[in-house]
Amino acid sequence: MKRVCFPEKLSARAIQSTPGVCGGYARIRNTRIPVWTLVSLHQQGADEAELLRNYQGLSSFNLENAWRYYDRHREQIDRIIVSHQTDD
């Protein structure tokens with residue numbers, strides 16, 4: 001029987017959290033790029049083209065999944081961003 005992968009399932013697997021990697025924060029799968037970092041830079045004015053230039057190996061698919069993850073976990077990501085801003 002052939003297994004069908006739906007976009008939602010692919011998207012869900014595109015973000016991962018691993019204790020001890022990037023502080024355990026949600027990140028782009030198989031990278032050390034936390035979702036909160038991308039969201040924070042985007043909120044500060046970085047557009048997708050700039051993010052793709054500055055993070056080699058990152059794809060439009062990755063960004064789309066980061067934004068989708070943020071939409072679903074907005075409160076959590078916003079808290080992380082604020083906590084990192086106050087650490088300075």
Side-chain angles (χ1 to χ4, degrees):
M1 181 197 272
K2 187 175 178 183
R3 197 169 165 196
V4 177
C5 247
F6 297 100
E8 302 86 38
K9 288 184 181 182
L10 287 175
S11 178
R13 290 186 287 179
I15 303 295
Q16 67 185 153
S17 298
T18 307
V21 178
C22 294
Y25 298 124
R27 62 191 167 86
I28 303 299
R29 184 172 195 75
N30 298 326
T31 74
R32 291 185 172 270
I33 306 170
V35 171
W36 75 264
T37 299
L38 297 171
V39 170
S40 178
L41 291 169
H42 192 62
Q43 289 174 343
Q44 294 173 54
D47 62 15
E48 291 190 10
E50 183 176 356
L51 293 171
L52 293 172
R53 272 194 313 275
N54 290 319
Y55 288 94
Q56 295 186 356
L58 196 64
S59 69
S60 295
F61 177 75
N62 296 137
L63 290 177
E64 181 180 314
N65 286 305
W67 309 151
R68 189 174 293 132
Y69 185 90
Y70 177 59
D71 286 342
R72 293 182 185 145
H73 302 92
R74 188 173 299 265
E75 256 184 61
Q76 174 192 31
I77 299 297
D78 287 344
R79 273 196 309 273
I80 295 167
I81 291 170
V82 167
S83 75
H84 281 78
Q85 289 171 342
T86 58
D87 284 348
D88 294 341

Trace of the side-chain contact (heavy atoms from CB on, under 4.5 Å) decision for Y25 with I77: CA-CA 9 Å; Y25 298 124; I77 299 297; over 6 Å; no

Working for side-chain contact (heavy atoms from CB on, under 4.5 Å), residues Y55 and I28: CA-CA 11 Å; Y55 288 94; I28 303 299; over 6 Å; no

Residue pair W36, D78: steps toward the side-chain contact (heavy atoms from CB on, under 4.5 Å) verdict: CA-CA 8 Å; W36 75 264; D78 287 344; over 6 Å; no

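One N or O on the side chain of Q44 and one on the backbone of S40 form a donor-acceptor pair closer than 3.5 Å. A donor-acceptor pair under 3.5 Å is formed between the side chain of S83 and the backbone N or O of I80. Remark: side-chain polar atoms of R27 are paired, donor with acceptor, to backbone N or O of T31 under 3.5 angstrom. H73 places a side-chain N or O within donor-acceptor distance of the main-chain N or O of Y69, the cut-off being under 3.5 Å. Between the side chain of D71 and the backbone N or O of R68 there is no donor-acceptor pair closer than 3.5 Å.
When each of Q43, Q76, H42 is paired with Y70, the side-chain contact (heavy atoms from CB on, under 4.5 Å) condition holds for Q43 and for no other.
When all heavy atoms of A66 and V35 are compared, the pair lying nearest together is O-CG1, 3.8 Å. Scanning both residues, L52 and L58, for their nearest heavy atoms gives CD2-O, 3.3 Å. The minimum heavy-atom distance between N62 and G57, with the atom names listed, is OD1-O, 3.8 Å. Shown here for S17 and G24, the closest heavy-atom pair between the two residues is CB-O, 3.6 Å. For the pair R29 and R13, the tightest heavy-atom approach, listed with the atom from each and the gap, is CD-O, 2.9 Å.
Taking CG of L41 as the start and CD of E48 as the end, the distance is 12.5 Å to the nearest 0.5 Å.
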